[in-house]
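Counting starts at 1 for both ligands and their atoms, in listed order.
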Amino acid sequence: MSGVTLNNVIKKYGDVQVIHGINLEIDDGEFCVFVGPSGCGKSTLLRMVAGLEATTGGTMTIGERDVTAMDPSERRVAMVFQTYALYPHMTVRENMGFGLKMNRHPKAEITEKVAEASRILKLDDYLDRKPAALSGGQRQRVSIGRAIVRGPEVFLFDEPLSNLDAELRVEMRVEIARLHKEIGATMIYVTHDQVEAMTLADKIVVLRLGNIEQVGAPMDLYRDPDNKFVAGFIGSPAMNFMGGIVGDDAVEIPALKTSVPVNIATAYKGKSVSVGLRPEHLMIDQTGDTLRVDLTESLGGVSYAYLVSDTGERIVVEERGDERVSEGQRVGLSFEQRRVYLFDAQTELRIRT
Ligand code: ADP
Ligand code: MG
């Protein structure tokens with residue numbers, strides 16, 4: 001068993017605290033993604049699990065072992081970095097086997113493990129090449145191979161696809177998902193890309209400013225965000241937010257010139273709230289006259305209409321049909337009531353109705 005548990009984990013650099021008491025359980029064999037904006041502490045937290053950064057407070061276990069004070073080499077983890085960090089003068093085979101060779105593993109065992117990793121990663125035809133003669137995707141595969149060869153209990157990935165072009169990113173994303181299926185090891189994967197998080201994760205951990213905002217399965221975070229930050233971060237294009245005013249038994253949404261019946265705590269009556277609606281849940285009514293089409297973007301199968309309300313709020317709508325609006329046109333919007341999310345204007349916490 002090699003799940004990972006973090007108990008009130010804290011990191012300070014001098015006086016500056018960057019990780020504020022993280023509690024998290026990652027199950028054995030789970031694919032866990034840390035996602036959040038740049039600077040939120042993803043790499044720091046991952047490097048603490050790897051043992052590359054000391055932990056200022058709290059404890060960490062891998063399986064049954066308390067690893068908080070252990071050296072990286074004792075933790076049975078292997079890390080894959082954004083920069084591949086391959087040895088340029090060594091072949092693919094030598095790069096993958098180097099760690100085992102340094103630890104004086106028998107030659108036959110190294111050969112066998114390198115062969116197994118190269119089979120999984122489809123690197124058989126490249127084993128005698130040097131890194132300079134490989135594409136970016138192949139280099140990243142070698143660095144993943146180097147991790148596999150070590151047979152770790154936990155794989156740690158820090159934005160491994162960030163240096164690849166868009167097409168290759170998608171290809172490698174699928175490869176990593178396949179790798180996880182095949183190996184079944186616990187994996188922690190750091191990214192700022194919510195699409196990578198949604199597609200790869202069993203469990204997503206949304207981080208912001210060194211705190212966990214929410215933990216859950218991808219579709220749970222999408223359907224049931226706890227706060228405005230998670231609602232806006234998960235989903236692409238992002239959820240639209242607009243002003244709302246709570247009445248007796250409805251929320252008025254001035255931007256859409258409509259109101260939606262809600263069952264909401266009396267404490268909110270008469271107050272302003274933030275109303276969230278996803279672009280994919282809004283439907284354009286060409287006969288309406290509520291908002292102006294500012295801009296349209298067509299991607300082929302789907303297009304985005306950027307609308308401006310008479311209140312000056314901006315709203316993105318995803319369109320899938322063949323009939324598309326044109327810039328300058330005035331339109332109305334409709335939506336199902338169950339698609340409306342409400343957030344406290346001050347705390348930004350979800351108001352569940
Ligand atoms: P992320 O990977 O989410 O982009 P990091 O974990 O790299 O974020 O950084 C989290 C915060 O810690 C940032 O504010 C960053 O400036 C700070 N930080 C990271 N490394 C150091 C360091 N060695 N010394 C001081 N501050 C650091
Ligand atoms: Mg980082």
- Query: If you measure from each non-hydrogen atom of Thr44 to ligand 1, which part falls under 4.0 Å: side chain, backbone, both or neither?
  - Reply: both
- Query: Tell me: protein heavy atom nearest atom 17 (C) of ligand 1, and distance?
  - Reply: Val18 CG1, 3.9 Å
- Message: Does Asp344 form a salt bridge (charged side-chain N to carboxylate O under 4.0 Å, His left out) with Lys271? I'd like the steps, not just the answer.
- Response: CA-CA 9 Å; Asp344 187 295; Lys271 295 232 170 102; over 6 Å; no
- Query: What's the shortest distance from atom 10 (C) of ligand 1 to any protein heavy atom, and which residue and atom give it?
  - Reply: Gly39 O, 3.4 Å
- Message: Do Asn227 and Glu348 pair up side chain to side chain, a donor and an acceptor below 3.5 Å, judged on atom types alone?
- Response: no
- Is at least one protein non-hydrogen atom found at under 4.0 angstrom from atom 15 (C) of ligand 1? no
- Going by an N to O cut-off under 4.0 Å, is there a salt bridge joining Arg119 and Glu116? yes
- Which residue and heavy atom of the protein sit nearest atom 7 (O) of ligand 1, plus the separation: Ser43 CB, 3.9 Å
- Query: Quick one: does Gly41 get within less than 4.0 Å of ligand 1, heavy atoms only?
  - Reply: yes
- So which protein heavy atom does atom 19 (C) of ligand 1 come closest to, and at what separation? Tyr13 CE1, 3.6 Å
- Message: Using a 6.0 Å distance limit plus a 45 degree cone around the ring axis, check whether Arg278 lies over the aromatic ring of Tyr222.
- Response: yes
- Query: Does the pair Arg292/Asp294 count as a salt bridge with the N-to-O cut at 4.0 Å?
  - Reply: yes
- Taking all non-hydrogen atoms of both residues into account, name the closest pair between Leu282 and Val316 and its distance. CD1-O, 3.8 Å
